[in-house]
Amino acid sequence: MRIALMVIRLFWIAPYYLIRIWWCGVSRKISFEESFQFIKKVTKKANHAGRVTIETYGIENMPKEDGFIFYPNHQGLFDVLVFLDSCPRSFSFVAKKEASNIILLKQVIKALGAYAMDREDIKQSMNVIISMAEEVKAGKNFLIFAEGTRSQMGNRLLEFKGGSFKSAVKAKCPIVPCALIDSFKPFDEKSIRPVTVKLIYMPPIYYEEYKNMKTIEIAEEVKRRIENTISGYTG
């Protein structure tokens, strides 16, 4: 219902947005930063049209230099839009393979050089992890959902998968835990009432802190920090 509201309220300009995002993905003249800023602009307008307010905390916690990975909890289809709306730093992301066939999201994936991961294909997943690590080393920021799928349990988390942290280990980059609160409400609830979503950017975990940990241990620690943060904002 909320997606329909967004489309209806932006119907007069939606075709231009879609064509422009498609062009960002195919034109060599448009930089990654330009593509990101345009998609960010569209996201802000769509969220406003959908009566969604984003409250952001902890932006000052982000590493000063690019080349890091966001690791948020995964609540729903709206999650990436929260980051695109709020994040002052450009980033790409990893989505599940099925998302690459959804109109608009398909064009956004191409425009931002995002990856579609097939978690049933170990070889393809490993190639994504390796490619992502190389891009992070080169200074590009990424977002990946360590739960692998949305929790469908509101503000409760699923187990974080250790494999999702292999890119960070290979890149030796900062891990930025992020806590999403009520991000399931905009698209997963059948309502168009005004809703507020919170996103907390938490202090990063640098390579020196996690270099001697196994990926499953890193996953457990990141999950623990996110759960504690959510509890602090909702308890």
Shortest non-hydrogen contact from C24 toward I30: CA-CD1, 3.9 Å
Side-chain ion pair, D66 and K140, N-O less than 4.0 Å: no
Short side-chain to backbone donor-acceptor contact, D121 and Q124, under 3.5 Å: yes
I192: hydrophobic cluster co-members (side-chain, 4.5 Å): M1, L5
Heavy-atom donor-acceptor pair, R89 side chain to P63 backbone, under 3.5 Å: yes
Separation between CE of M202 and CZ of R225, rounded to the nearest 0.5 Å: 7.0 Å
Side chain proximity check, M132 to E135, heavy atoms < 4.5 angstrom: no
Donor-acceptor contact below 3.5 Å, side chain K40 vs main chain L84: yes
Pair I230-N73, side-chain contact (heavy atoms from CB on, under 4.5 Å): steps then yes or no: CA-CA 10 Å; I230 291 175; N73 53 313; 3.7 Å; yes
Side-chain touch V26/K110, heavy atoms, less than 4.5 angstrom: yes
Main-chain N/O of A168 paired with Y210 side-chain donor or acceptor, under 3.5 Å: yes
Residues D182, T196; criterion side-chain contact (heavy atoms from CB on, under 4.5 Å); working and verdict: CA-CA 7 Å; D182 293 339; T196 297; over 6 Å; no
Beyond-backbone contact of V176 with C178, side-chain heavy atoms, under 4.5 angstrom: yes
I69 vs V136 side-chain heavy atoms within contact, under 4.5 Å: yes
CA sep, side-chain torsions, deciding dist, call: S164, F145, side-chain contact (heavy atoms from CB on, under 4.5 Å): CA-CA 8 Å; S164 300; F145 296 105; over 6 Å; no
Atom pair CD1/CG of I54 and L199 - distance to nearest 0.5 Å: 8.0 Å
Main-chain N/O of K97 paired with D118 side-chain donor or acceptor, under 3.5 Å: no
Any donor-acceptor N/O pair, R2 side chain to F187 backbone, under 3.5 Å: no
Heavy-atom pair with the smallest gap, counting every atom of F160 and A219: O-CB, 3.5 Å
Step-by-step side-chain contact (heavy atoms from CB on, under 4.5 Å) determination, D85 to L81: CA-CA 6 Å; D85 185 307; L81 296 185; over 6 Å; no
Nearest atoms (heavy-atom pairs only) where Q107 meets L104: OE1-N, 2.7 Å
Pair E55-Y57, side-chain donor/acceptor within less than 3.5 Å: yes
Parallel, tilted or perpendicular: ring planes of F38 versus Y17, cut at 30 and 60 degrees: perpendicular
Side chain to side chain donor-acceptor pair (under 3.5 Å) contacts touching residues 23-32 (sequence neighbours left out): S31-E34
E147 side chain vs H74 backbone, donor-acceptor pair below 3.5 Å: yes
Aromatic ring pairing F83/F70, orientation class (parallel under 30°, perpendicular over 60°, tilted between): tilted
Donor-acceptor pair between S86 and Y201 side chains, under 3.5 angstrom: yes
Atom CD of E65 with >12 non-hydrogen neighbours under 6.0 angstrom: no
Euclidean distance, D79 CG relative to L143 CG, rounded to 0.5 Å: 8.5 Å
Shortest non-hydrogen contact between K137 and K170, atoms and distance: CE-O, 3.2 Å
Salt bridge (charged side-chain N to carboxylate O under 4.0 Å, His left out) partner of R224, chosen from E227, E221, E220: E221
Connected via hydrophobic side-chain network under 4.5 Å: V80 and F78: yes
Close aromatic pair by centroid cut-off 6.0 Å: F36 and F91: yes
Distance, nearest 0.5 Å, that separates OG of S90 from CG of N141: 6.0 Å
Over 12 foreign heavy atoms within 6.0 Å of CD, E120: no
Backbone of I129 reached by a side-chain donor or acceptor of E134 within 3.5 Å: no
Reported CD1-to-CG distance for the pair I226 and N155, which is rounded to 0.5 angstrom: 12.0 Å
From NZ (K211) to NZ (K172), nearest 0.5 Å: 9.0 Å
Closest heavy-atom pair and its distance - P72, I144: CD-O, 3.3 Å
Shortest non-hydrogen contact from P174 toward P204: CB-CB, 4.3 Å
Main-chain N/O of S183 paired with Q75 side-chain donor or acceptor, under 3.5 Å: yes
